[in-house]
Amino acid sequence: MPCESPKTLLHRLGLRPKKALGQHFLLHPHQARRIVAALHLTGEDTVVEIGAGLGALTSWLALAARRVIALERDPELARFLKEELLVEPPGVEVICQDVLKFDFPGAARDAGRPLSVVGNLPYQITSPLLFTLIRESAAISQAVLMMQQEVGTRLLASPGPKDYGILSVLGQYYFRVTRLFALSPGNFYPPPQVDSVVLRLVPETPAPAALDQALLHRLVKTAFGHRRKTLNNTLVSGAAAFGLTPEAMRVLLAQLGIDLRRRGETLSVAEFVEISNQVARLRGVM
Ligand code: SAM
């Protein structure tokens, strides 16, 4: 655990926080411990840490897991982690890499089990990272992630006009998402301009499950492509993209009791799955 404050440490290293990399370092060890404790690690687990920074979480993780893969995109911080901070803890591997290019399935194969994932996320990549975790959910056993409040709200949102969108539907389809706690900007150096929230994501086998996941993704994207448009103007007009005629899509939605005047933002996750499965079945018999 670094005993100097992030500000002192960066100053000693001749570095400044890089805004473009979303560098806001945790100030208080007890917050780091809280995040690591929320992971429920066993001594058998391999953890992937996203954006290890100055190592605020890394050493705590090393105490709790078998192996820590600490990803850090900034070469100067990765060098610091390798040379100075992490000479002691065994089982920590620092990799200077963009997490969006990390091979989660390969690492899970090497570990012989799904991975735990943790990170105080660089906010500019939160959405693409969440979509990466959705895509790779089979390689993950749990994730505890700090993100900007606004994205956390979207991930947790129920159907409605404000925060509910593609991220909410797909995030909730693949994961049980729980809000753990919030952190104000004063917990970081330098303070970000937004509040942060820590969420826990645990992959779940959804019920009902989608027969064709790629189809579900396309359907959700189409329904939210134009938020103000009704299903008649998104799914029915765009039925050809799903291999159906507009009439067949209209009948399918009517059979499911879904009013064409509704908008995509009113459909629950289960309704999206039902529509997608009916489309898949219909295509199977056509
Ligand atoms: N974990 C540290 C902490 O809590 O104090 C640092 C968190 S800071 C919000 C985010 C870190 O992610 C920075 O160290 C930044 O350099 C790193 N980072 C930014 N983009 C990244 C990417 N695409 N892949 C891996 N690390 C990245």
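These values consider heavy atoms only, across backbone and side chains, with no hydrogens, waters or symmetry-generated copies. Please read all numbers here as calculations on a predicted model, not as lab measurements. Read the numbers this way: they start at 1 and go in the same order the structure lists the ligands and their atoms.
Among protein heavy atoms, the minimum distance from atom 21 (C) of ligand 1 is reached at Arg73 CB, 3.6 Å. Of the protein's heavy atoms, Leu26 N, 2.9 Å lies nearest to atom 5 (O) of ligand 1. The protein non-hydrogen atom at the shortest distance from atom 6 (C) of ligand 1 is Gly51 O, 3.4 Å. When hydrogens are left out, the protein atom nearest atom 20 (N) of ligand 1 is Pro122 CG, 3.5 Å; that is the closest non-hydrogen contact. Nearest non-hydrogen protein atom to atom 4 (O) of ligand 1 is Asn120 ND2, 2.8 Å. The protein heavy-atom contact nearest to atom 19 (C) of ligand 1 is Leu21 O, 3.1 Å. Remark: minimum distance from atom 23 (N) of ligand 1 to any protein heavy atom is reached at Asp98 OD1, 2.8 Å.
By the 4.0 Å heavy-atom criterion, Ile125 is counted among the residues contacting ligand 1. The shell of residues lying under 4.0 angstrom from ligand 1, judged by heavy atoms, includes Glu49. Remark: distances from the non-hydrogen atoms of Leu54 to ligand 1 are all 4.0 Å or more.
No donor-acceptor contact under 3.5 angstrom links the side chains of Gln148 and Asp195, judged on distance only. For the 3.5 Å distance criterion, the side chains of Tyr123 and Ser196 qualify, holding a donor opposite an acceptor. Using modelled atom types and a 3.5 Å distance limit, the side chains of Gln142 and Arg200 yield a donor-acceptor pair.
Atom NE2 of His40 has more than 12 heavy atoms from other residues, nucleotides or ligands within 6.0 Å. Around NZ of Lys18, the count of heavy atoms belonging to other residues, nucleotides or ligands within 6.0 Å exceeds 12.
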message: What verdict does the side-chain contact (heavy atoms from CB on, under 4.5 Å) test give for Ser137 and Phe175, after you've listed the backbone C-alpha separation in whole Å, the side-chain angles of each residue and the deciding distance to 0.1 Å?
response: CA-CA 8 Å; Ser137 62; Phe175 295 102; 3.7 Å; yes

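Some N or O of Gln23 is nearer than 3.5 Å to an N or O of ligand 1, by distance alone. Among the atoms of Val99, some N or O lies under 3.5 angstrom from an N or O of ligand 1.
By the criterion of a heavy-atom distance under 4.0 Å, the side chain of Leu77, and not its backbone, is placed next to ligand 1.
Applying the 4.0 Å criterion to heavy atoms of Ala52 picks out, from ligand 1, the atoms 1 (N), 2 (C). Residue His24 has at least one heavy-atom neighbour below 4.0 Å for each of these atoms of ligand 1: 7 (C), 8 (S), 9 (C). Those atoms of ligand 1 that come under 4.0 Å of a heavy atom in Gly22, given as number and element, are 8 (S), 9 (C), 10 (C). The atoms of ligand 1 that sit less than 4.0 Å from any heavy atom of Gly53 are 6 (C), 14 (O). Listed by number with element, the atoms of ligand 1 under 4.0 angstrom from any heavy atom of Phe25 are 5 (O), 6 (C).
Of the residues listed (Tyr174, Phe131, Tyr173), the one engaging His217 in a ring pair (Phe, Tyr, Trp, His ring centres under 6.0 Å) is Tyr174, and it is the only one.
Ion pairing between a basic and an acidic side chain is recognised when a charged N comes within 4.0 Å of a carboxylate O; Arg66 and Asp45 show no such pairing. A salt bridge links Glu271 with Arg262: the closest approach of a Lys/Arg side-chain nitrogen to an acidic carboxylate oxygen falls below 4.0 angstrom.
In this structure, CD1 on Ile50 lies 12.5 Å from CE on Met146, to the nearest 0.5 angstrom. The CZ atom of Arg16 lies 12.5 Å from the CD atom of Gln23; values are rounded to the nearest 0.5 Å.
Nearest-residue assignment for atom 14 (O) of ligand 1 (options Met146, Lys18, Gln97, Glu72; heavy-atom criterion): Glu72.
Taking the six-membered ring where the residue is Trp, His28 and His30 present parallel rings, their angle staying beneath 30° rather than reaching 60°.
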